[in-house]
Colleague: 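Have a look at this one.
Every chain is numbered from 1 and lettered A, B, ... according to where its sequence line falls, protein lines coming before strand lines.
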Amino acid sequence: MQAKLMDLGPHAAFIWISYAAVTFVVAGLVAWLIFDGKKQAAAIDALEKRGARRRSMSAVE
Amino acid sequence: MTSFWALVRRDLRLAIREGGAIGTALGFFLVVVSLMPLGLGPDLNLLARIAAGILWIALLLAALLSLNRIFETDYEDGTLDVLATGRLPLELVAAAKALAHWITTGIPLALLAPVLGILLNLDLRSYPILVATTLAGTPAVSFLGAIGAALTVKARRGGLLLALVVLPLYIPTLIFGISAVGAVMGPAGMGAAFLILTAISLAAVVLGPIAAAAALRIQLQ
Amino acid sequence: MTSFWALVRRDLRLAIREGGAIGTALGFFLVVVSLMPLGLGPDLNLLARIAAGILWIALLLAALLSLNRIFETDYEDGTLDVLATGRLPLELVAAAKALAHWITTGIPLALLAPVLGILLNLDLRSYPILVATTLAGTPAVSFLGAIGAALTVKARRGGLLLALVVLPLYIPTLIFGISAVGAVMGPAGMGAAFLILTAISLAAVVLGPIAAAAALRIQLQ
Amino acid sequence: MQLIAEDLIIERGGRIVIDGLSFAVSEGEALVLSGANGAGKTTLLRTVAGYIRPSSGSVHLDGGDSELTISEQAHVVGHANAVKSSLTVFENAAFWSEYLSGSVADAESIERALRHFGLDDLAEFPAAYLSAGQRRRLGLARLLLAVRPVWLLDEPTVSLDIASSDRLVAAVNDHTRAGGLAIIATHLPLALERVRTLTIISRRMAA
Amino acid sequence: MQLIAEDLIIERGGRIVIDGLSFAVSEGEALVLSGANGAGKTTLLRTVAGYIRPSSGSVHLDGGDSELTISEQAHVVGHANAVKSSLTVFENAAFWSEYLSGSVADAESIERALRHFGLDDLAEFPAAYLSAGQRRRLGLARLLLAVRPVWLLDEPTVSLDIASSDRLVAAVNDHTRAGGLAIIATHLPLALERVRTLTIISRRMAA
Amino acid sequence: MQTLTQQLANPTRFMGLSARVLPWASGIAAGLIAVGIYLAFFDSPADYQQGETVRIMYIHVPCAWLSMMIYGLIAMSSFGLLVFRHPLADVSAKAAAPLGAAFTFLALLTGSLWGKPMWGTYWVWDARLTSVLILFFLYLGLIALRAALEDESAGAKLTAILALVGVTILPIIKFSVNWWNTLHQPSTDFTATVDPSMRWPLLVMALGFTVLFFAMHLKAMRNEIMRRRVKAMRAQVVAGRDRLAASGVAS
Ligand code: HEM
Ligand SMILES: Nc1ncnc2c1ncn2[C@@H]1O[C@H](COP(=O)(O)OP(=O)(O)OP(=O)(O)O)[C@@H](O)[C@H]1O
Ligand SMILES: Nc1ncnc2c1ncn2[C@@H]1O[C@H](COP(=O)(O)OP(=O)(O)OP(=O)(O)O)[C@@H](O)[C@H]1O
Ligand SMILES: [Mg+2]
Ligand SMILES: [Mg+2]
């Protein structure tokens, strides 16, 4: 429908699919990052309630 | 049966922890399927024609790469000895391990089949049939493969040897597997090939564990 | 260097005793080459066209099936610990093992190349070039593969994982290997592809052991 | 219940290792196998467990469940521990409990077994993190995870510290006191109750 | 010659196992490491051998060949034996002799090493045929196949019968008498000469 | 500069700093991309050769650039881990891998979708396309290898080695078009060749995507640090119950 508004020629579908795919993937990544962040924060809270001291990350090696 | 499912669950868990299992299998299929054109030349018509072959070759490869260790690790760390003292007959032990193997390679391939379909420009309506064919044929690969794996338990770097032993067993599956997929893609629809493929799988599910268990008993001595 | 050759000889001996080595490799190549028509359909023209691809795919397959255990068995039975106490740098240990692997898979393939040539009706005079190309390209497979094998030593059923890790590294070899063999078979003769292939192999022979040794050091901890 | 071996002749790799051995172990009794390296202790145990078929003679269990083979009524702990490195200690134990008893494991009995061998602290760790002795203890914990009348132990004290050895001895004593029987191959003196010793003489080497 | 460890702090899997340990072992001396399972004996030995890098502190060998690392001057015998099943006993020994000494092995010295550990009768057998103790002895035979001043032995007596244990003790005594030094982790009392004991206290478990 | 790296080296400082930067970065990325899209669709002409499909360029090229840039970042982080044992280096490498895989996938996808109208096919096996595909597989290999290894510190270092081995692919991608004749556009010094009317939207989009990645990477690193904290705290809780010396847990 947009395509009629804005004439993108015979290959409009390719353009729309490209932009849609990028939007979809980026949105998915962002959603995952936010969800994951919430999950870890909740886990830290729960552990603090159980009495674990907050400490900096366990370093690699 | 508790023992049986306990074993299946343990093997799935090990597969996930030790080799990434389903994710790795998917990645592997993706790489192999997209590498084939490199080996065979980038002729799209040709590729479409041999799509079924590519599907099955990727599966056989995954099987050969993952089967060789299914009994070997258990043998080496003493687990097989203890498994043999269970009330579960060794035949069912072998069946449980083959089943776990099928779940970690056959199912990912079935999941990937539609993706491959897209690459090959397949008709949307044929996806369910494609998936069904893959699911029907792949058990044969795992259960026949178990025989080879059991036979080569003690040949410590037996990858090539295992391949040499099982590839001949795979030939019927390969032939009918390819023609079943081909039939799906062509106009004929699901046909005799699909039925034969299912029959082969059923036979493999029954006979594979029996042969594998016999081989394992000898290796335990 | 005594240590180096002692290690190469031991690995060859183990390969022969444990997996049949050269015989198995030859058998394996034959089976794969004769299975291809099953997977791809029996079109002789087509097969001739993709002969080079078949040759290389068979080699990669053999490598994937045999590489995964080259460091793993040594790790599991404690040999790697002791190898590390030798005066031979771990880089040369890795190189020795990769060399032994090349001898047991690369050389059989070179031996088999003329047989494949017969199957494909090749001109007799091109055999030496065909063999030379195979010999020039196959070291890359073993030495790059050693990196993957070293990285996956602890992933106990790492067959698929190893494949996923090394296949991307193999792609340049595959591309130039195929075009080098293709050039041999076609009118162009040995060309740039052959030189690039040799260059890749040389780079792999130098870099592979370094990366593999770094990975092994980490696994020894 | 009595485990009886009659006129066993056992070959390994074409050589006769055990030549005409008979013995019996009764309920409540432990039999210690001793003998030099290579005398045939492991071979004998694996024959009793049913892995190796003797060239002649037989092993049978009088008074056991006649529908089951000896190996189905026995715990076998061999040189290898049957421990999976990538599972946690608890997962390892839970699997064997479920597999060997054929019924879903309850966490408490698993924890009891782990506690007996001092592994309760380590329950959530991957078995890859265990030291050699801890790993051996995990292998031994199997003995307490399912009730089986016959215990076949091949050098169970390997890698164990003194405290753990004592715990093993206690477990064996409990087992025999409860009417089980055990055959144990070992090079070390163990403070077992109700024990007899069978010394296997090597047929080929003085060393 | 003296092996000196200073202020070692060693982590495994994110946990500190050895926390600030210093010790020294001189020429002609054997140090026995004892301690409960999981105390950190293997960890310490592997750190001395250079496999594990300590989080802090250092290990060095005074008076050794300064061009070589400690591990290049040491024999390491760990829990695993580094024996290849498909090679014969002699081939196994010959390979290690050649590899570790860097020169072609003469059959006689290999046979001497095998004889010391009572393996000469088995020289032509594939190692797959060995019993557990015989296999361990083959692993130990490596000690006599190349001359190295430092011996790092992790529970060397596992699976050995009494006669073989004595032979091992004799080998260690010969080694220290000739000016070598040894660090030996073990749970069993060994009749060594010139020995000191270092008991590692487990940081985390009583059991 | 010295102090900045030092500040960043400390995970706690990093958490504080990144918490302040993150909203700004996200906002700037959203703004730039919005402007970029406006420019791309309403303020730039169709190409005289390629017609309207040229608008795919405004996402294809940023994704393609990012795919390489992210791999470069992973390689640098890996180097930092292996050589300097920088505590955040591995967090950075681990966080970047899935993002890199995603952008590489998008570069491949948008490229194919552009290829169909331009070249008449979705895919050709030419040097640039193949090398980007290899890059994608390398990302998959990095992710799979790390996932398969139980021991996190060994896994980190092994993955770093693989990343450094794979880095040889970057120059191949970059120069493939110049070394071999391919269908694909050569890397241009595009200030010179691309018309300003297309240059601006492309630049804005490229900048927007880069900032977007930067923001996502920060967030992913924060998540990873928290994940490690959770793990350490879990071990600590277990330790408390089981007499496990609390100081034994790494800090
Ligand atoms: C799957 C297919 C494709 C892949 C993997 C791909 C990959 C890439 C990569 C990696 C770059 C960055 C190059 C650099 O910075 O040097 C790039 C840039 C570019 N691509 Fe593609 N591409 C694909 C298809 C296409 C198609 C079909 C077109 C248009 C006909 C196209 C046009 C461009 C243009 C114009 C640039 C910018 C070049 C520059 O000025 O640096 N690409 N592509
Ligand atoms: N798989 C095998 N094939 C052939 N011979 C074997 C095999 N296993 C063991 N033997 C031989 O059988 C004999 C008995 O071995 P066994 O393992 O039973 O000894 P053991 O008493 O358990 O010794 P150890 O105290 O060292 O464990 C040995 O001489 C050994 O060489
Ligand atoms: N690979 C590893 N990863 C993490 N932790 C480990 C690892 N190996 C050992 N540990 C832990 O480090 C501690 C010391 O182990 P180590 O193997 O050094 O003990 P040990 O003194 O040799 O015990 P044993 O007498 O049982 O051989 C143990 O608590 C163990 O759980
Ligand atoms: Mg024994
Ligand atoms: Mg130890």
Side-chain angles (χ1 to χ4, degrees), chain C residues 1-24 66 69-97 99-100 104 150 153-154 156 213-221, chain E residues 10-13 42-43 45-54 65 67-88 91-105 126-128 135-136 138-139 142-143 145-146 148 150-152 154:
Chain C
M1 289 316 272
T2 322
S3 305
F4 182 85
W5 293 113
L7 188 53
V8 173
R9 258 181 291 120
R10 187 208 66 156
D11 260 33
L12 291 179
R13 196 176 269 164
L14 284 177
I16 289 166
R17 303 243 173 110
E18 291 179 352
I22 306 208
T24 313
S66 52
R69 295 284 272 155
I70 68 168
F71 294 118
E72 202 175 314
T73 43
D74 278 0
Y75 171 75
E76 283 171 2
D77 68 12
T79 300
L80 206 53
D81 281 356
V82 184
L83 287 177
T85 67
R87 312 251 154 105
L88 201 63
L90 216 44
E91 282 74 15
L92 285 180
V93 169
K97 295 185 79 71
L99 177 63
T104 50
V153 159
K154 278 191 178 170
R156 315 189 99 233
L216 289 179
R217 281 206 187 86
I218 290 163
Q219 316 260 14
L220 278 177
Q221 292 202 343
Chain E
I10 315 174
E11 282 182 33
R12 301 254 45 198
T42 301
T43 304
L45 273 178
R46 291 183 70 82
T47 309
V48 173
Y51 302 131
I52 299 176
R53 195 194 298 229
D65 186 333
E67 304 216 323
L68 299 175
T69 62
I70 295 182
S71 80
E72 286 167 350
Q73 303 174 61
H75 275 301
V76 181
V77 177
H79 288 301
N81 291 318
V83 164
K84 288 286 171 194
S85 293
S86 44
L87 301 182
T88 66
E91 284 168 343
N92 268 293
F95 166 69
W96 283 124
S97 163
E98 202 167 335
Y99 181 84
L100 291 174
S101 67
S103 59
V104 179
R135 193 170 259 267
R136 187 69 181 157
L138 180 50
R142 224 167 46 230
L143 296 171
L145 289 172
R148 295 197 161 196
V150 179
W151 286 11
L152 305 173
D154 197 357

Colleague: Tell me the closest heavy-atom pair linking Ser71(E) and Ala84(C), and the distance in Å.
Modeller: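 For Ser71(E) versus Ala84(C), the nearest heavy atoms are OG-O, 3.8 Å.
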
Colleague: Does the side chain of Trp96(E) reach to within under 4.5 Å of the side chain of Thr79(C), using non-hydrogen atoms?
Modeller: yes

Colleague: Is Arg9(C) salt-bridged to Glu98(E), cutoff N-O under 4.0 Å?
Modeller: yes

Colleague: Mind checking what makes side-chain hydrogen bond (donor to acceptor under 3.5 Å, both in side chains) contact with Arg142(E), not counting sequence neighbours?
Modeller: none

Colleague: In terms of heavy-atom proximity below 4.5 Å to chain C, should Val77(E) be classed as side chain, backbone, both, or neither?
Modeller: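 Neither part; nothing is under 4.5 Å.
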
Colleague: Of all heavy-atom pairs between Arg148(E) and Gly86(C), which one has the smallest distance, and what is that distance?
Modeller: NH2-CA, 4.0 Å

Colleague: If you compare all heavy atoms of Tyr51(E) against all heavy atoms of Gln221(C), which two are closest, and at what distance to 0.1 Å?
Modeller: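 Taking Tyr51(E) first and Gln221(C) second, the nearest heavy atoms are O-CG, 3.5 Å.
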
Colleague: What's the spacing between Arg53(E) CZ and Leu220(C) CG if we round to 0.5 Å?
Modeller: 12.5 Å

Colleague: Atom NZ in Lys84(E), atom CZ in Arg17(C): separation rounded to 0.5 Å?
Modeller: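 So the gap between those two atoms works out to 13.0 Å.
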
Colleague: Specify the closest pair of heavy atoms between Thr85(C) and Leu100(E), including all atoms of both residues, with the distance to one decimal.
Modeller: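 Closest pair (atom of Thr85(C), atom of Leu100(E), distance): OG1-CD2, 3.8 Å.
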
Colleague: For Gly102(E) and Ser3(C), which heavy atoms make the closest approach, and how far apart are they?
Modeller: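 Here Gly102(E) and Ser3(C) meet closest at CA-OG, 3.6 Å.
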
Colleague: Might you point out which heavy atoms bring Leu7(C) and Tyr99(E) nearest each other, and give the distance in Å?
Modeller: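 Leu7(C) and Tyr99(E) have their closest heavy atoms at CD2-CE1, 4.3 Å.
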
Colleague: What residues, two or more places apart in sequence or in another chain, satisfy side chain to side chain contact (heavy atoms under 4.5 Å, CB included) together with Pro54(E)?
Modeller: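 Checked Pro54(E) against side chain to side chain contact (heavy atoms under 4.5 Å, CB included); matches are Leu8(E), Ile10(E), Thr47(E).
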
Colleague: Checking Leu83(C) against chain E: side chain, backbone, both or neither under 4.5 Å from a heavy atom?
Modeller: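 When you check distances to chain E, atoms from both the backbone and side chain of Leu83(C) fall under 4.5 Å.
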
Colleague: To the closest 0.5 Å, what do you measure between CG (Leu68(E)) and CZ (Arg87(C))?
Modeller: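 Going from the CG atom of Leu68(E) to the CZ atom of Arg87(C) covers 5.0 Å.
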
